[in-house]
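Here's the structure we're looking at; comments come further down.
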Amino acid sequence: MNDRDLVEAALFVAGRPLTLGELESIVGPDADIEELVASLVADYQQRGAIEVVQTGDDVVMQVKASYADAVRAIAQRDLETPVLRTLAVIAYHQPITQSKVAEIRGNKAYGHVHELEARKLIVTAPHGRTRMLRTTKAFVEYFGFETENLEEIKERIELLLR
Amino acid sequence: MNDRDLVEAALFVAGRPLTLGELESIVGPDADIEELVASLVADYQQRGAIEVVQTGDDVVMQVKASYADAVRAIAQRDLETPVLRTLAVIAYHQPITQSKVAEIRGNKAYGHVHELEARKLIVTAPHGRTRMLRTTKAFVEYFGFETENLEEIKERIELLLR
Amino acid sequence: MTNEESDVTSVNEAASYDERSIDILVSLAKKGEIDPWDIDIVDVTDKFLAHIARLEKLDLRISSRTLLFASILLRMKSDALEAAEPDGDDETPPEEDDLHVCFPALKPKVRRHAKRRVTLSELIEELKKATKRKERSDARRMMHQREGGFDALSVAHTEDIEKQVARVHEELKRRFEGHDHVLFSELITHPTAEAIVQTYIPLLFMANRRQIQLEQRELFGDILIKCKDL
């Protein structure tokens, strides 16, 4: 076993971004995690359909964008289309009340909001008798937006709409 | 995009064995799937912590055995801790009523029982105003018990508890 | 047993069975362990209210319990109805508006979502933790019983309610001076089950006599007490 391969194995099994701290807890405190990650990033960049990407403290292994559409169908879809659609409504109109979302998406939206909150893609806060919803940092990361600013996210969605 | 990388991307995202037929449906009928797979197997063998293995018709991408233990903790488990704990209580005390499980594990146990039943790890049968729970054959297979006999399973658990 | 008596008995049994079921629902909802959206509150409430209509001759203790459950369920029902919107259906989405066009804009990254199986030793580990937790809670329960466990429902039944009403009446009168409302939590110095019940039930009586008005803006939230005619 070598440290670089251990990082590779960890990223492979995690299926989600790992922080440098998490990687250190696996590899041990003596390793230079940043260097190991940089080496993996460079290596994967040169070959194949998989990439290792570091964003700030987070490192993730995923399919390169150019192959993503081709294999999306085989990936275990972790958000069903109706839930994703509700998320799109929230992202576009945020901050938006839960009752407004239900008005647009129907009563099933309550279940969707529940699921999206559990997945940490949105946060909800009490707002009168309903709740106010907005997207999270995990949302930004999940969809690969470059910004956490709500206005900029909305602008970006608007741009994609044209 | 090339065909070999497409196979690699498919195996990566699937997270389970894919058949040669499934791979063909992704890559297209003109590709020599067996050859593409053989090339990936050889390539991955030479490097890193991940391997591609073909067994009969099935092809899978997985962590090499020597790295598996080191990264087990980071892999997502298919049963969440609270649900697992409820399952443990049921396996140890079975046959046990649902209300007794709720007494030991709290009201959340009702949801857990629901999930465990859907996963076919337990079966429930009406018992007065509550339900009687016991583990299934699928439970035996999942945890690799050598016997389906409830008493023997409990004895084995008792032994492991010491 | 006369026909009337047997009638009351069977209504009694049915009522107490229903109460148990509702009791479970309410306690689950309180702890946030079920989403009121997962149960048909409107239906449950309607069935429960239909029962109340048949409970007139029953024991006061059951009636007060029933009243409490009914008030909680009614609140859930009104919240549910208020939040409910005209039925939308995922199968027949509304017109292709901007929202649905924007759907393709959200393309999740493609990652692995494989989950590994739990090992037998992990199962055993959880059993150990569950056993420890059970031992702790058993110990707590025994301690509580030794300290003199308190049956909230029997108190309201056996004590002189009018005396309690008078006590709360005095307290409220004092607090309303210079204030248009008082919060329920302000009346409770030590939030024990006993103190809460002995304050809450007199409030229900006073509300019924239109001396005060009770308002709870959020489910399980604080209760706003407004002076009407003290």
Side-chain angles (χ1 to χ4, degrees), chain B residues 9-17 50 60-63 68-69 71-93 99 101-112 114 121 129 135 139 141-145 153 156-162, chain C residues 13-39 44 69 72 107-142 144-145 149 220:
Chain B
L11 290 171
F12 175 77
V13 299
R16 61 177 174 90
I50 305 168
V60 69
M61 182 183 279
Q62 62 196 21
V63 167
D69 283 337
V71 295
R72 195 183 303 282
I74 217 134
Q76 283 185 56
R77 303 195 308 196
D78 65 356
L79 283 173
E80 301 207 13
T81 306
V83 182
L84 183 61
R85 202 171 287 181
T86 299
L87 178 59
V89 167
I90 295 168
Y92 185 55
H93 292 286
S99 48
V101 175
E103 192 183 302
I104 298 173
R105 294 282 299 132
N107 278 333
K108 284 192 178 173
Y110 291 100
H112 302 167
H114 199 71
L121 291 169
R129 283 191 181 161
T135 59
F139 169 85
E141 277 164 11
Y142 187 102
F143 288 102
F145 286 98
I153 289 175
R156 176 120 175 73
I157 291 177
E158 202 130 4
L159 216 67
L160 288 165
L161 269 179
R162 279 175 206 155
Chain C
E13 277 169 4
S16 74
Y17 177 67
D18 266 26
E19 277 186 2
R20 267 195 296 279
S21 329
I22 303 272
D23 199 358
I24 292 169
L25 286 180
V26 169
S27 80
L28 286 176
K30 244 187 228 170
K31 290 180 190 160
E33 286 170 359
I34 52 165
D35 191 329
W37 281 99
D38 292 342
I39 38 178
V44 172
F69 287 150
I72 292 173
K107 267 192 187 165
K109 299 281 182 198
V110 175
R111 290 177 187 158
R112 245 179 119 251
H113 283 286
K115 289 185 175 169
R116 69 169 177 89
R117 286 187 166 198
V118 173
T119 64
L120 181 55
S121 63
E122 284 171 329
L123 181 78
I124 300 298
E125 211 38 55
E126 291 309 325
L127 181 56
K128 281 181 188 162
K129 286 177 187 161
T131 314
K132 267 192 208 135
R133 184 178 165 273
K134 176 76 166 55
E135 280 164 5
R136 275 201 303 270
S137 69
D138 281 353
R140 260 202 306 274
R141 195 172 306 137
M142 277 175 65
H144 184 66
Q145 274 163 5
F220 308 121

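Each chain gets a letter, A, B and so on, in the order the sequences are listed, and its residues count up from 1.
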ask   = side chain to side chain contact (heavy atoms under 4.5 Å, CB included) between E126(C) and T81(B): does it pass, once the steps are laid out?
value = CA-CA 8 Å; E126(C) 291 309 325; T81(B) 306; 3.4 Å; yes
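Looking at E125(C), neither its backbone nor its side chain comes within 4.5 Å of chain B, counting heavy atoms on both sides. For F145(B), the part lying near chain C is the side chain, with the backbone staying farther off; criterion is any non-hydrogen pair under 4.5 Å. Interface residue T119(C): backbone and side-chain heavy atoms are both found under 4.5 Å from chain B. Proximity to chain C (any heavy atom under 4.5 Å) is shown, for T86(B), by neither the backbone nor the side chain.
K128(C) places a side-chain heavy atom less than 4.5 Å from the side chain of L161(B). Under the 4.5 Å side-chain criterion, counting only non-hydrogen atoms from C-beta, Y92(B) is not in contact with I124(C). Between M61(B) and R112(C), the closest side-chain pair of non-hydrogen atoms is not below 4.5 Å. Using a 4.5 Å heavy-atom cutoff, the side chains of V118(C) and F143(B) are in contact.
Taken to the nearest 0.5 Å, the CG atom of L79(B) stands 9.0 Å off from the CG atom of L123(C). Interatomic distance, CG of L84(B) versus CG of L127(C), reported as 10.0 Å (0.5 Å rounding).
Your options are A9(B), A88(B), A75(B), and the one with the most heavy-atom pairs under 4.5 Å with chain C is A88(B).
Within 6.0 Å of the CD atom in E80(B), the count of heavy atoms belonging to other residues, nucleotides or ligands does not exceed 12.
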